[in-house]
Number of protein chains: 2
Amino acid sequence: MSEAADIEGAADGEAEGKGAPTLNRRIRADIEAKILSGEWGPGHRIPYEHELMAQYGCARMTVNKVVSELAAAGLIERRRRAGSFVAAPRIQSAILQIPDIEAEVTARGEAYRYELLRQERRPAARSVPAEWALAPRGRVLEIECRHMAGSRPFALEHRLINLSAVPEAEAVDFARQAPSSWLVGHVPWTAAEHKIAAVNALPEMAKRLDIPDGSACLELVRRTWRGDENITLVRQTFRGDLFDLVARFTPAQTPNGG
Amino acid sequence: MSEAADIEGAADGEAEGKGAPTLNRRIRADIEAKILSGEWGPGHRIPYEHELMAQYGCARMTVNKVVSELAAAGLIERRRRAGSFVAAPRIQSAILQIPDIEAEVTARGEAYRYELLRQERRPAARSVPAEWALAPRGRVLEIECRHMAGSRPFALEHRLINLSAVPEAEAVDFARQAPSSWLVGHVPWTAAEHKIAAVNALPEMAKRLDIPDGSACLELVRRTWRGDENITLVRQTFRGDLFDLVARFTPAQTPNGG
DNA sequence: ACGCCAATAATGTATATACATAAATACGCG
DNA sequence: CGCGTATTTATGTATATACATTATTGGCGT
């Protein structure tokens with residue numbers, strides 16, 4: 001209890017309410033600060049709702065909402081009758097920023113250019129499992145293209161679009177617009193899976209990326225769904241000397257940006 | 001409005017309340033379903049609180065809490081006076097599962113073994129920016145080790161621990177216990193940053209990983225903080241032929257697991 | 001001691017009400 | 001017609017209250 005009591009600025013009676021933030025934000029900030037500073041480590045019991053209620057001189061619904069939000073954010077765990085406890089941060093997961101290649105290139109002050117290498121519309125091949133999984137018994141649009149940073153190749157892209165799920169893609173001129181930017185603007189999706197690997201560039205690939213045979217490349221394979229339907233399957237191969245991925249973990253954040 | 005009206009199962013008057021889930025969960029599930037199915041696409045205005053309140057025959061606080069939660073999760077955006085709108089999923093971020101090497105190895109049915117290659121305690125070198133940033137004017141513990149899967153090398157690890165932040169590390173026998181597993185159990189952290197790159201194995205590294213010179217390897221560099229203090233800096237180099245990373249995106253989830 | 005049961009204490013859900021805040025809309029004046 | 005102001009309206013915050021749910025605690029009896 002005495003630990004709980006050292007939250008500052010509480011119990012001001014009626015308070016004078018200057019330009020202060022709202023009470024709920026103050027309570028939340030106080031608790032988050034205690035947790036993020038490590039003062040309340042994982043497993044520490046945070047004050048009971050009725051204690052917070054007394055400390056801040058407010059109604060239980062107010063603290064309840066705050067603590068529920070913290071629980072939803074994963075910062076704490078609540079157990080009936082027992083209390084609320086600081087959760088162990090699940091450091092084994094982090095938020096990965098998936099690159100938008102054009103933004104990535106222009107961000108480093110280089111001119112972005114997009115080249116369509118090949119485009120083909122055909123039935124899905126049963127012999128290729130990934131392709132068949134994408135569009136069983138349907139037709140696919142296969143696209144190969146290259147992303148340039150200035151005069152240097154930056155990444156190769158090989159993409160399959162499920163035409164059953166996205167028939168509009170058939171009418172698009174992918175010589176003018178990169179498939180990723182078109183898809184982002186026109187096709188809503190609900191789930192995605194990314195596989196990240198390191199590969200040695202094969203001769204053909206090395207030639208197109210203008211690097212020595214066997215150079216290490218970062219390969220990003222992404223599958224995208226809308227509901228149960230598979231929308232697209234992309235393999236992007238980045239020059240390993242020009243690019244790497246960054247992932248961050250901070251306890252309070254959400255992948256969608258809440 | 002007519003769009004809003006097609007939420008099912010609402011306005012049952014008093015309802016018969018069998019083994020049904022609580023009202024808030026029903027409302028939340030209904031709205032999530034509409035969004036995840038794509039029926040309410042990005043930008044769609046969801047019913048006003050007073051509309052939902054009428055549809056479900058409940059108080060505004062009840063729907064307010066539900067919709068606020070959805071907003072916190074990033075599924076919708078709320079704008080005063082205007083209403084609440086389905087948010088565009090920020091597909092450019094995804095949740096990355098950071099591997100626990102031992103778990104990763106044993107999950108594929110191979111025997112995990114850990115080898116300490118080198119261990120040194122010394123002042124941080126000012127000439128190495130990353131090292132100086134870790135522990136300015138302090139001492140560091142430098143550890144090199146190897147993770148084995150059966151008889152094959154799986155990954156190399158080079159780690160620096162900031163002894164000012166974690167003095168206990170000095171007394172640990174890292175020949176018996178891998179530094180990562182010790183740190184997970186003993187040092188709470190609050191933030192982490194991961195950089196993922198593809199590199200060609202240098203001769204020394206190739207020898208230790210038992211792969212040809214120049215083989216592509218996945219390199220994971222992780223920095224970990226507690227508050228403002230940098231705890232540790234690790235570089236893990238995985239055999240590219242044995243390992244790749246997976247990241248997933250689903251609108252409703254949180255990195256911490258709320 | 002062991003196991004069952006009742007009391008207890010915490011969170012979980014829900015309500016009706018009130019006022020604050022911010023932004024879109026309507027209004028009215030020059 | 002254009003611009004500033006007033007109104008409207010939806011969300012934001014907060015309260016006091018009630019009852020439900022569920023682990024834990026403690027007591028009781030065998």
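So that the names make sense, note that chain A is the first sequence line, chain B the second, and so on, each numbered from 1.
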> How many Å lie between CD on B:Glu49 and P on C:dA16, as a whole number?
Replying inline: 15 Å
> Just how far, in rounded Å, is C1' of D:dA23 from OH of A:Tyr48?
Replying inline: 12 Å
> Is there a side-chain polar atom (N or O) of B:Arg78 under 4.0 Å from OP1 or OP2 of D:dG12?
Replying inline: yes
>> Output the rounded distance in Å from NZ (A:Lys65) to P (D:dT13).
In response: 7 Å
>> Regarding B:Arg60, tell me which of base, sugar-phosphate or nothing describes its non-hydrogen contacts under 4.0 Å with the strands shown.
In response: base
>> Consider side chain to side chain contact (heavy atoms under 4.5 Å, CB included). Of B:Ile95, B:Ile196, B:Ile98, which one does A:Leu96 pass it with?
In response: B:Ile196
> 5'-most contact on DNA chain C: A:Arg81 or A:Ser68, nearest heavy atom basis?
Replying inline: A:Arg81
> Given C:dT15, is OP1 or OP2 found less than 4.0 Å from the side-chain N or O atoms of B:Thr62?
Replying inline: yes
>> Is the phosphate of D:dT9 approached by B:His50 (side-chain N or O, under 4.0 Å from OP1 or OP2)?
In response: no
> Do A:Ser84 and A:Arg78 get their side chains close enough for a donor-acceptor pair, meaning under 3.5 Å?
Replying inline: yes
>> I need the CD-P distance between B:Glu77 and D:dT11, as an integer number of Å.
In response: 14 Å
>> Taking salt bridge (charged side-chain N to carboxylate O under 4.0 Å, His left out) as the cut-off, I'd like each qualifying pair that reaches into residues 170-193 of chain B, sequence neighbours left out, listed once.
In response: A:Arg248-B:Glu193, B:Arg121-B:Glu170, B:Arg139-B:Glu170, B:Glu193-B:Arg223
> How many Å lie between CD1 on B:Ile27 and P on C:dT13, as a whole number?
Replying inline: 12 Å
> Where each residue is assigned the nucleotide of DNA chain D containing its nearest heavy atom, which of B:Asn64 and B:Ala82 is assigned the position nearer the 5′ end?
Replying inline: B:Ala82
> Any side-chain heavy-atom pair from A:His44 and A:Glu39 closer than 4.5 angstrom?
Replying inline: no
> To the nearest angstrom, how far is A:Tyr56 atom OH from D:dT13 atom C1'?
Replying inline: 16 Å
> Hey, is B:Glu104 close enough to B:Arg108 for a salt bridge, meaning N to O under 4.0 Å?
Replying inline: yes
>> Can you measure A:Arg79 atom CZ to C:dA9 atom P for me and round it to whole angstrom units?
In response: 18 Å
> Closest nucleotide of DNA chain D for A:Asn24 versus for A:Arg80: which of these residues is on the 5' side?
Replying inline: A:Asn24
> Expressed in angstrom and rounded to an integer, what is the separation of B:Ile46 atom CD1 from D:dA10 atom C1'?
Replying inline: 12 Å
